[in-house]
Structures are given as C-alpha cells and as structure tokens.
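Quick notes on the structure that follows.
Below, all heavy atoms of this structure are taken into account, side chains as well, without hydrogens, waters or symmetry copies. Labels below follow one simple rule: chain letters A, B, ... track the order of the sequence lines, proteins then strands, and each chain is numbered from 1.
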Number of protein chains: 2
Amino acid sequence: MQPGWEAIRAEVLRRIRAREWRPGDLIPGEEALAGEFGVARATVNRALRDLAGAGLLERRRKAGTRVALNPVRKATLDIPVTRQEIEGRGQSYAYRLLSEDDLAAPVPVTSRLGLPPGSRLLRLRALHLADGRPHLYEDRWLNPQVLPTPRPDFHAISANEWLVRNQGFVTGDIAFAAEPAGADEAAVLGVGEGAALFVIERTPWSAEAPITAVRLAYAPGYRMQTLL
Amino acid sequence: MQPGWEAIRAEVLRRIRAREWRPGDLIPGEEALAGEFGVARATVNRALRDLAGAGLLERRRKAGTRVALNPVRKATLDIPVTRQEIEGRGQSYAYRLLSEDDLAAPVPVTSRLGLPPGSRLLRLRALHLADGRPHLYEDRWLNPQVLPTPRPDFHAISANEWLVRNQGFVTGDIAFAAEPAGADEAAVLGVGEGAALFVIERTPWSAEAPITAVRLAYAPGYRMQTLL
DNA sequence: GAGTGGTCTAGACCACCAA
DNA sequence: TGGTGGTCTAGACCACTCC
C-alpha cells in the first residue's frame, strides 16, 4: 500500500478521534511519523499542515505538533456574485441602480475605510431582483480612486461585479448580522419596517487603498449555507 | 533574490490584477513558470495550488491553468465554542440548561438527520449568558447513539462543548439566517417578539451517524466577523 | 544552542482528460 | 494518446523558538 498524504491525514485523524492522541498531547515529529508510515517527511508535512489549517493541530517550530485543545471549527464560505447566485438557482436576475452621488462620506464610513473625515466618495444604492422580486438592497460607498476615467456605467453592471472583475484578489473584512429593516430598506425591499434582515458588511482593501464599504441587506428568507 | 512560493504567488496575483493574464486566459504551465522564476516546479505548484484554493485559478490536468472567469470569494469563518467566545471578550460566561427530554422528533428534524420518522432523540434547550445577560438560545436534537452510558451531565457542560471534546472532527453543514424571534425565544432572550435574531443551524455528522441538529439564536447585536 | 517545522530542489512516476 | 497537473522522494538548508 502506498499511503499518500491523504491516507496519512486520515490515519492521524483517526488517532485523534480514537483519543490515542488526546487534546494537548505532543505527537511524534515529522521524521518519526515518516519512518513509521514509510514515506518521505514532506508527505507527512503535507498531511499535518493540512490538519493544522483545519484547526485540529497546533504546530510550532522546536515545540513540535500538538493536538489542539480547543478545536476551532473553520467553515469556508463561498461568497458568490449575486447575479450568479440567483441565476444558479434558475431564477432571472435583474439589477436596478437607485442612486449614484458624489458625497462627503459620514464619519463612520470614512473611519471604516481609514480615509480622512470628509472625504468625497461615490455613493451607490442599488436593488438586485430575483424573478422580478426584491432580493438584495445594496448601499455602497466607493473610493473613486480605484475607478478609471471614464467611470464604468453602474447602470449596466453592478458595482460588485465590476470590482470583482477589475480589482482581482484583495484583503479586507466581512461581517454578518441580523438587523431590523429601517424605513428605507423596508420600502425598497417591500417588507414591513422592523422585519428581520440578513445583513453582510464588507470592507475590501487592495494593496494600496481601501476600495469600498458596502452593506448588503437581504430580503427575508435568505439563508447562507455551506459544508463544514 | 530567492523567490519562495509566496513571492511567486504574489507575482502571479500581480499579473492577474494588472490584467496581463485576463479572466479565462490560459497561463503558462508549471514547467515554464519554474524556468522563468528560476525555481523548482514544486515551488510553482505550491503557489498555483494556493491560488486555485482561493478561487482565483482553475486547474485541470491536461487542460492547464486558467484565470477564473468568476472569482468566487472564499471566506474562512472560525466557529468558536460559545464559552470561549464570551470569555475571550472578557465577559463572564454562564450556561443554563432549560430542558432535557426524550422525545419523538418531529419530521423536519429526522429528515435533516436522515433518521427514520418518529426516532426518539434527546432534546436539549439551553441558554448561554454573557455577564449575566442572555446571549444565545440553543435548541438541540441529539442522537442518543453518540452518547456513552451514563450520559454526560448536560447541566455541568454544554452539549456543544461535550461534543467538541468527544466527537473530534466531523463533517456536516451549517447555515446562517436572520429570523424574527418567536414567542418562546423572545421570552427566553428577553427581547420583543419579532426582533431580528441571527440564527445558525448546524447538522454535524460523524463518519457513522448523524450527531445532532442544533439551532442557535443569538440576542440582537451579535455580529460574526472575519477577515477575507 | 539545538531540535523542530517550513521550505526548496531535482528528479520521477502517475492519473486524468482533452484532443 | 500525449500533455498537464498531482504527488512523492531523498536530501538539504534555514528560521524560529524553547530550553
């Protein structure tokens, strides 16, 4: 039998689950395991690195590898472009730009973006529809520095889609919450004021500058789902 | 300069962002890039594999590596044990078991778990408190097959914590939503009926059997946050 | 200081799958 | 069926960090 790194990962996993190696225990070094399994050290390394990435092992140079005391579950979420998400369900997608203004951004927005107070940003409000019904209300403040001249036509393409295609990979943060619908949101989404909305707030950064601060409020019934 | 796989990843990223390689383009093979960067093919492989994992590249044997047309953002969420999450914020943690019953589970629950209708499960209802105030209402159906005899004392340890410590790594699914508080939840959490609650539903499986179906309703104001 | 994991190399074989 | 990515090896050097 040729183990392969996935087989080694599975065996290590089995020993953890079987409590042969208990939380907090130091497990044998890579060299020792390589000898035991009859593979090269790099193969063991690949398996253990994968388990460490999943939060099951904690590895430190010199200190060795331990079974994590508090296995933090890590779930990977896919954050699709809204149009694809809707079309992927077989529904028709439509997008409507509600407003587009150059404004001095309020302080909470500039501080989220790390820009000086009073910076002028492009504010976009838009509605995404699935089968003609309101699906997602988008409220976005966009750093005009990242835009080319002339500006993209945000009536034709959603800002998110344009950014995904033209900004590539970026860092940033993302937060999820449940919030009651405000008066504006309730009207736009066609729900009662105070309805429970699933809200995503994102603040992506490129290497050089903050890109945008966006608040996405989903119509009731939206669920975000993933495998563990 | 010794590139290293992270430098190679950065350079590939730069080319994608600079649109030297556009979405859908076939990029050079590993061998060619290894030659260009003056590193071994394994080093290039590591960098490209990482970018593919992030959703930016699509790789297929024989077909080669392409820049993804629709870069799906992937975010990794940490799902901590509630006690640690609260104590990590410097708040005091308390846990109160509200009820513990052997019941025939309703059909939605048995179907989620893939068990025959009418299966008897252990239902646990519990409240987690932060600084003495309601933080999280937990409604859980637990497969008694995974429990030892005698059963753990779920007054002393929360079911989640017991499972994390004793079930090890499992698969399953997880969903996030915003829902209005029902009458029970509102009373337990001390909020108005219909308040917007952040809800997580989890259904973890071990290799052999479904473990539990749990619904977690967080008190208003809860945010789940992570880096992209 | 020394032990451990992190990474790199040069080469090899293999699995997959588009042509 | 050939080209490409996936993986493995045996060895090496290095960086980090605990002792």
Measure from [atom1] on [X] to [atom2] on [N] and round the result to the nearest Å.
{"X": "A:Leu48", "N": "C:dT7", "atom1": "CG", "atom2": "C1'", "answer": "15 Å"}
{"X": "B:Glu30", "N": "C:dA10", "atom1": "CD", "atom2": "P", "answer": "16 Å"}
{"X": "B:Lys62", "N": "C:dC16", "atom1": "NZ", "atom2": "P", "answer": "16 Å"}
{"X": "A:Glu6", "N": "D:dC8", "atom1": "CD", "atom2": "C1'", "answer": "13 Å"}
{"X": "A:Arg66", "N": "C:dG5", "atom1": "CZ", "atom2": "P", "answer": "11 Å"}
{"X": "B:Leu26", "N": "C:dA18", "atom1": "CG", "atom2": "C1'", "answer": "12 Å"}
{"X": "A:Ile27", "N": "C:dG3", "atom1": "CD1", "atom2": "P", "answer": "19 Å"}
{"X": "A:Glu31", "N": "C:dG5", "atom1": "CD", "atom2": "P", "answer": "9 Å"}

If you compare every side-chain N and O of [X] against the phosphate oxygens of [N] (OP1, OP2), does one of them come in below 4.0 Å?
{"X": "B:Arg59", "N": "D:dG6", "value": "yes"}
{"X": "A:Thr65", "N": "C:dT4", "value": "no"}
{"X": "A:Arg41", "N": "C:dG5", "value": "no"}
{"X": "A:Thr43", "N": "D:dT9", "value": "yes"}
{"X": "A:Asn45", "N": "C:dG6", "value": "yes"}

>> On DNA chain D, does the nearest nucleotide to B:Ala42 precede the nearest nucleotide to B:Gly29 from the 5' side, or the other way round? Give the residue.
In response: B:Gly29
> Start at the 5' end of DNA chain D and walk down; is the nucleotide closest to A:Arg60 or to A:Arg46 reached first?
Replying inline: A:Arg46
>> Just to verify, which of B:Val214, B:Leu113, B:Leu124 counts as forming a side-chain contact (heavy atoms from CB on, under 4.5 Å) with B:Leu142?
In response: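 The side-chain contact (heavy atoms from CB on, under 4.5 Å) with B:Leu142 is passed solely by B:Leu124 among B:Val214, B:Leu113, B:Leu124.
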> The side chain of A:Trp5 lies closest to which of these nucleotides: D:dG2, D:dC18, D:dC8?
Replying inline: D:dC8
> Of all the choices, C:dA2, D:dA10, D:dT7, which nucleotide is nearest to the side chain of B:Arg49 once you look at every atom?
Replying inline: D:dT7
>> Is it the case that the ring center of B:Tyr222 lies less than 6.0 angstrom away from the ring center of B:His135?
In response: yes
> In terms of ring plane angle, is the pair B:Tyr93 and B:His128 parallel, tilted or perpendicular, where the classes change at 30° and 60°?
Replying inline: tilted
> How about A:Asn143 and A:Leu122: do any of their side-chain heavy atoms sit closer than 4.5 Å?
Replying inline: no
> Under 4.0 Å between a Lys/Arg side-chain N and an Asp/Glu carboxylate O for A:Glu30 and A:Arg41?
Replying inline: yes
